[in-house]
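Report on one structure; see the data block that follows.
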Amino acid sequence: MVTIARDNGVTGALIADEVLDFGLAQQTLAEVGPIHTDMRVLVGGEGLEVARRLVESIEQGSDGQRQRLRESGALKARPSVKLLAPSPKPAVFFAHGQAYHSHARDWNADAPREKPAHPPVGFLKAQSSIIGPDEAICIPRAAPDHVDFEGEFSVVFGRPCYRVSRHEAMDYIMGYTIVNDVSARDWVLKMIDPENKIGANQLRGLNSMFKSFPTFAPMGPHIVTVDEIADYRDVRLVSRLNGEVFQDAMLGELIWDLPELIEYYSSCTAFKPGDIMTTGTPGGVGAGRKPPVFLKPGDVVSISATSLGELVNPVIAE
């Protein structure tokens, strides 16, 4: 599923190398039932099943049907369609941190390799930081020197999810997408703690501030429904900067698995359909390299994941 940049966002789907606009498809094909054009409503309602049937009928249908859709503008070549983030306005955008032992070793080569005694660490990212595929990550004037990227496999909720057990947690997932958790790593130190008086635990509590600048949450290119991935643990996540691989991990390497994360975070957060929960980033971020590598204007970040496609974003200066 995708969100198309038309009329403030219209739901659609990728069909091979073309994009289907659900709104225009309903106007073109009389037999199509109601499909909501707001992703938050679509993923939580019966319209999702109508959308599935429509996509299947087009994939298996006649060339004549496809031609009608192309003539009406409901079916267009992918390069000619601007996509927004697939869930551009989640009520809750929840990010998970310290998710992989390999990421802990970005900061400390001797970090323990067993599950920590403390619970998962999470934080909120601002809705205003969300951008879509191909949109530019903007390096802010307030923190221009240490902007980093983090590729993350992310959950899209399809049902209200509050205080659910790990045994039922997977039933609340509608699908998956990719998120880039962009971070201005020096912002807190430079703007808030120039004398380095804030402890590590307090710095973690400020995550939302240096991770919520505008454009710091690229998302997409689309949502893959949960039934399309047999086992999320078999998904491979790869992040590249200017074509060079920086991160490469399997989801099976997560310290806490999805049911554990959903159980814990839903104990205090009431997720709604269309809300996003990231699963954290593996090792290989720019800040963990020797010497560190940070984003600069002209760079291109690409993040891919098995069955989820590739999220590509150029980098510019504010």
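We use all heavy atoms of the structure for the numbers below, so side chains are in, but hydrogens, waters and symmetry mates are not.
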**OP:** Any chance you could lay out the side-chain contact (heavy atoms from CB on, under 4.5 Å) test for Val285 and Phe246, step after step, and finish with the verdict?
**Re:** CA-CA 7 Å; Val285 298; Phe246 271 52; over 6 Å; no
Can you give each donor-acceptor pair under 3.5 Å made by side-chain atoms of residues 74-84, sequence neighbours left out, with the distance rounded to 0.1 Å?
residue, atom, partner, partner atom, Å
Arg78, NH1, Val81, O, 3.0
Ser80, OG, Ala77, O, 2.7

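- Judged by distance alone, with hydrogens and angles left aside, the side-chain atoms of Asn313 form no donor-acceptor pair with the main-chain N or O of Ala136 at under 3.5 Å.
- Once rounded to the nearest 0.5 Å, the distance linking CD1 of Ile223 with OG1 of Thr3 reads 6.5 Å.
- Minimum heavy-atom separation, Phe123 to Asp181: CZ-OD2, 3.6 Å.
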Taking distance alone, no hydrogens or angles, what donor-acceptor pairs closer than 3.5 Å link side-chain atoms of residues 297-304 to residues at least two apart or in another chain?
residue, atom, partner, partner atom, Å
Asp299, OD1, Asn242, ND2, 2.9
Asp299, OD1, Lys296, NZ, 3.0
Asp299, OD2, Lys296, N, 2.9
Ser302, OG, Glu310, OE2, 3.4

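- More than 12 heavy atoms of other residues, nucleotides or ligands sit less than 6.0 Å from atom CZ of Arg70.
- For the pair Arg68 (side chain) and Leu29 (backbone), a donor-acceptor distance under 3.5 Å is absent.
- We find that Arg53 and Glu56 are not joined by a salt bridge, their nearest charged nitrogen and carboxylate oxygen being 4.0 Å or further apart.
- The neighbour count for Asn8 CG, taken as heavy atoms of other residues, nucleotides or ligands under 6.0 Å away, does not exceed 12.
- Counting only heavy atoms from C-beta outward, the side chains of Thr177 and Met219 approach each other to under 4.5 Å.
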Subject >> From CA spacing to verdict: side-chain contact (heavy atoms from CB on, under 4.5 Å), Asp257, Arg233 >> reply: CA-CA 9 Å; Asp257 64 21; Arg233 290 167 294 191; 5.6 Å; no
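- No side-chain heavy atom of Pro273 sits under 4.5 Å from any side-chain heavy atom of Met174.
- Within 6.0 Å of CG in Asp227 there are more than 12 heavy atoms belonging to other residues, nucleotides or ligands.
- Judged by distance alone, the side chain of Arg66 and the main-chain N or O of Gly61 form no donor-acceptor pair under 3.5 Å.
- Here the closest non-hydrogen pair linking Gln127 and Pro88 is CG-O, 4.0 Å.
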**OP:** Determine, stepwise, if the pair Tyr265 / Val155 fulfils side-chain contact (heavy atoms from CB on, under 4.5 Å).
**Re:** CA-CA 12 Å; Tyr265 290 138; Val155 166; over 6 Å; no
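- Donor-acceptor pairing under 3.5 Å is recorded for the side chains of Thr281 and Gln247.
- Separating the CH2 atom in Trp256 from the CD atom in Gln98 is a distance of 6.5 Å, to the nearest 0.5 Å.
- Hydrophobic clustering (ILVMFWY, side-chain heavy atoms < 4.5 Å, transitive): Met277 and Tyr172 are in one cluster.
- Interatomic distance, Ile139 CD1 to His146 NE2, rounded to the nearest 0.5 Å: 12.0 Å.
- The minimum heavy-atom distance between Cys138 and Glu318, with the atom names listed, is SG-CA, 3.2 Å.
- In terms of heavy atoms, Ser239 sits closest to Phe149 at CB-CE1, 3.7 Å.
- Considering Val235, Leu251, Thr306 in turn, Val235 is the only one that fulfils the side-chain contact (heavy atoms from CB on, under 4.5 Å) rule with Ile229.
- Here the shortest heavy-atom pairing between Ile276 and Ser154 reads CG2-CB, 4.2 Å.
- To the nearest 0.5 Å, atoms CD1 (Ile262) and OG1 (Thr269) are separated by 12.0 Å.
- Using a distance-only test at 3.5 Å, with no hydrogens or angles considered, no donor-acceptor pair links the side chain of Asn180 to the main chain of Pro218.
- With values rounded to the nearest 0.5 angstrom, Phe153 atom CZ is found 11.0 Å from Met250 atom CE.
- A donor-acceptor pair under 3.5 Å links the side-chain atoms of Ser212 to the main chain of Ala126, judged by distance alone.
- With 3.5 Å as the limit, one finds a donor-acceptor pair spanning the side chains of Lys211 and Ser183.
- Checking side-chain atoms of Asp145 against main-chain N and O of Ala184 turns up no donor-acceptor pair under 3.5 Å.
- In this structure, Glu18 and Leu69 have side chains that are not in contact, with every pair of non-hydrogen atoms separated by 4.5 Å or more.
- When the side chains of ILVMFWY residues are joined at heavy-atom separations under 4.5 Å, either directly or via intervening members, Ile255 and Leu261 end up in a single hydrophobic cluster.
- Atom-to-atom distance recorded for Ser129:OG and Phe93:CZ is 5.5 Å, nearest 0.5 angstrom.
- Between Leu241 and Val293, some side-chain heavy-atom pair lies under the 4.5 Å cut-off.
- By the side-chain contact (heavy atoms from CB on, under 4.5 Å) test, His222 is found to be paired with Val2, Leu14, Val224, residues two or more places apart in sequence or in another chain being considered.
- Hydrophobic cluster membership is shared by Phe216 and Val315, with clusters built from Ile, Leu, Val, Met, Phe, Trp and Tyr side chains linked at under 4.5 angstrom.
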Original post:
Which is it for His36 and Thr11 under the side-chain contact (heavy atoms from CB on, under 4.5 Å) test, yes or no, and what are the steps along the way?
Top reply: CA-CA 7 Å; His36 210 285; Thr11 53; 6.0 Å; no
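- Residues Ser307 and Tyr176 fail the side-chain proximity criterion, which asks for heavy atoms closer than 4.5 Å.
- The hydrophobic cluster containing Ile4 does not contain Val55, counting ILVMFWY residues as joined when their side-chain heavy atoms lie under 4.5 angstrom apart, directly or transitively.
- Contact between Pro221 and Pro133 at its shortest, heavy atoms only, is CA-CG, 4.0 Å.
- A heavy-atom distance below 4.5 Å is found between the side chains of Leu20 and Leu54.
- A perpendicular orientation is assigned to the rings of Phe271 and Phe94, their planes being inclined by more than 60° (bins at 30° and 60°).
- At a threshold of 4.5 Å between non-hydrogen side-chain atoms, the residues Ile130 and Pro90 count as touching.
- We find that Arg289 and Glu244 are joined by a salt bridge, their nearest charged nitrogen and carboxylate oxygen being less than 4.0 Å apart.
- A 4.5 Å side-chain heavy-atom check between Phe22 and Leu42 finds at least one atom pair inside the cut-off.
- Hydrophobic clustering places Leu48 together with Val156 (ILVMFWY residues linked when any side-chain heavy atoms are closer than 4.5 Å, directly or through intermediates).
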